[in-house]
Engineer: 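Take this structure, written in structure tokens, and hold onto it; I'll ask about it next.
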Protein chains: 2
Amino acid sequence: MTETAKRPLSRDLVLETAVSLVDHEGLGALSMRRLGQELGVEAMSLYHHVANKEALLDGMVDAVVGELIEAVGPGGGTDAARDWVAALRARVLVARTVMLKHPWLPAVLESRTSISAPLIAYYEGVLATLHAGGFSNDLAHHTLHALGSKALGFSQELFDPGKGGGAGEQSGAELAAMAEAFPHLTAMMAEVAHDDPDSTLGWCDDQTEFEFGLDVLLDGLERRRTGTSG
Amino acid sequence: MTETAKRPLSRDLVLETAVSLVDHEGLGALSMRRLGQELGVEAMSLYHHVANKEALLDGMVDAVVGELIEAVGPGGGTDAARDWVAALRARVLVARTVMLKHPWLPAVLESRTSISAPLIAYYEGVLATLHAGGFSNDLAHHTLHALGSKALGFSQELFDPGKGGGAGEQSGAELAAMAEAFPHLTAMMAEVAHDDPDSTLGWCDDQTEFEFGLDVLLDGLERRRTGTSG
DNA sequence: ACCTGAACACCGTTCAAGT
DNA sequence: ACCTGAACACCGTTCAAGT
């Protein structure tokens with residue numbers, strides 16, 4: 001499954017191939033030897049195009065953030081001035097469609113020691129939207145923190161119940177013991193599973209939950225902006 | 001810096017030592033060989049007490065979550081029925097004081113493939129608080145998702161400006177170029193830095209920002225619970 | 001039952017050598 | 001200038017051997 005090896009090796013080709021490898025097989029599959037193999041080249045050849053593995057990861061982040069910036073365009077237009085909630089919401093949901101193709105990005109971003117120029121440029125667009133919507137610098141600052149990874153389209157929940165903790169594998173006795181030990185959880189799971197068979201705790205609708213959390217935040221921020229909260 | 005090696009090796013001692021090692025030196029310092037060294041024992045001896053490194057990480061998570069559950073106590077008391085916002089807020093802020101001692105935990109939790117019994121028990125307490133506060137199962141379910149890592153006391157922001165991206169190292173020319181390329185960011189940083197010298201973009205007050213984000217969420221959730229939103 | 005040491009199949013990275 | 005192969009200092013883990 002090596003590349004066709006027609007394009008000459010270059011930094012861009014190395015980064016593209018690394019992103020594609022990690023998109024398909026996860027971060028665990030990314031080693032210098034494996035990436036070299038993917039490019040039909042010895043691992044050591046890669047060091048002529050990236051300084052080391054950290055620099056490789058930096059480059060991969062910037063490549064994806066470049067995609068993201070292209071997808072969302074500049075912020076702060078007239079529609080942001082008219083309705084910043086709608087403008088920011090649309091921005092974030094577009095970002096999300098790009099980011100879902102690269103689910104390894106939050107983990108890599110968290111391991112960076114400094115913020116890159118492309119990422120700064122992305123946040124400039126978010127800020128332009130907020131300022132067009134009438135945010136003070138102070139509230140805009142708090143807002144960037146409060147949005148966290150949601151600004152980039154990620155929910156970054158700590159555990160994904162779909163990963164294996166859901167119902168379905170327990171015996172009747174285990175379920176009964178669980179109902180006694182965790183009555184509130186058991187009741188909630190039973191009702192949510194009943195209301196929406198496709199969306200039990202073991203398989204929540206990520207998009208729905210992301211938009212719910214985003215909307216709660218946006219509503220609360222708008223109330224603070226207009227001074228109608230508290 | 002090895003242990004005094006008086007206590008006999010046991011699963012608990014292995015887990016305690018691993019948590020302490022990672023608290024002090026970070027996840028990168030945790031290897032089976034290094035952990036063995038810390039305990040005055042060969043790396044292979046550890047395999048008599050934990051199945052492998054993944055099981056070691058599982059055990060470390062449960063050890064910390066145990067601390068957490070002890071610190072917050074059970075949820076759903078009369079004060080939760082009287083004021084769920086205050087009750088949940090207090091719970092989360094207590095959780096935060098525990099979690100700040102183990103900042104590696106989000107990264108490890110994200111790498112787990114299933115949710116452990118102690119973590120389920122913690123969420124049962126959160127749910128008890130929400131149910132005492134009058135939440136429907138459906139809204140409680142959305143709320144768990146919306147809270148994300150905040151339920152455990154972590155902000156989990158994607159980048160920490162304090163890590164190195166802040167101002168302070170740029171030349172005058174670089175700052176001028178930045179002001180032109182990123183006018184909104186430059187203006188915000190200037191004002192926020194001026195208002196609070198201790199809390200520039202390069203050194204934000206994590207606790208303040210955590211509480212701001214938490215309060216925005218709690219306000220929005222209370223409005224949804226009472227049907228006063230939208 | 002618990003601990004050991006050598007070994008295996010991996011890492012990232014350095015270095016001297018090739019073209 | 002670009003690529004290579006051997007080597008170094010690490011990983012997690014297996015296995016046979018010790019007590």
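Each chain gets a letter, A, B and so on, in the order its sequence line appears, and its residues count up from 1.
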Engineer: As a test of reading the structure: which of D/dT4, D/dC11, C/dC11 is closest to the side chain of B/R33, going by heavy atoms?
Structural biologist: D/dC11
Engineer: In whole angstrom, what separates A/E42's CD from D/dT4's P?
Structural biologist: 5 Å
Engineer: Under a 3.5 Å distance rule, please check whether B/E124 uses its side chain to pair with a backbone N or O of A/H184 as donor and acceptor.
Structural biologist: yes
Engineer: Test your reading of the model: is there a side-chain donor-acceptor pair from A/R112 to the backbone of A/E54, 3.5 Å cut-off?
Structural biologist: yes
Engineer: State whether a side-chain donor-acceptor pair under 3.5 Å links A/H145 with B/D206.
Structural biologist: no
Engineer: Would a 4.5 Å heavy-atom cut-off, applied to side chains only, mark B/L39 and B/L46 as touching?
Structural biologist: yes
Engineer: Find the distance A/M32:CE to D/dC3:P and express it as a whole number of Å.
Structural biologist: 13 Å
Engineer: Give the residues of residues 44-54 of chain B touching DNA chain D, defined as any heavy atom closer than 4.0 Å, sorted by residue number.
Structural biologist: B/M44, B/Y47, B/N52, B/K53
Engineer: Send over the distance from B/L9 CG to D/dT19 C1', rounded to a whole Å.
Structural biologist: 16 Å
Engineer: I'd like to know if the side chain of B/K150 and the backbone of B/F210 have a donor-acceptor N/O pair within less than 3.5 Å.
Structural biologist: no
Engineer: Under 4.0 Å, counting only non-hydrogen atoms across every strand here, what does B/L56 touch: a base, just sugar-phosphate, or nothing?
Structural biologist: nothing
Engineer: May I ask you to test the B/E42-B/Q37 pair for a side-chain heavy-atom distance under 4.5 Å?
Structural biologist: no
Engineer: Give DNA chain C the dot-bracket treatment, 5' to 3': Watson-Crick (N1-N3 with N6-O4 or O6-N4) or G-U (N1-O2, O6-N3) under 3.5 Å, [ ] crossing, | other strand.
Structural biologist: ||.|||||...|||||.||
Engineer: By the 4.0 Å heavy-atom rule, please label A/L35 as base, sugar-phosphate, or nothing.
Structural biologist: nothing
Engineer: Test your reading of the model: is there a side-chain donor-acceptor pair from A/T186 to the backbone of A/F182, 3.5 Å cut-off?
Structural biologist: yes
Engineer: Taking the side chain as every heavy atom from C-beta outward, state whether B/M189 and A/H141 have any pair of such atoms under 4.5 Å apart.
Structural biologist: no
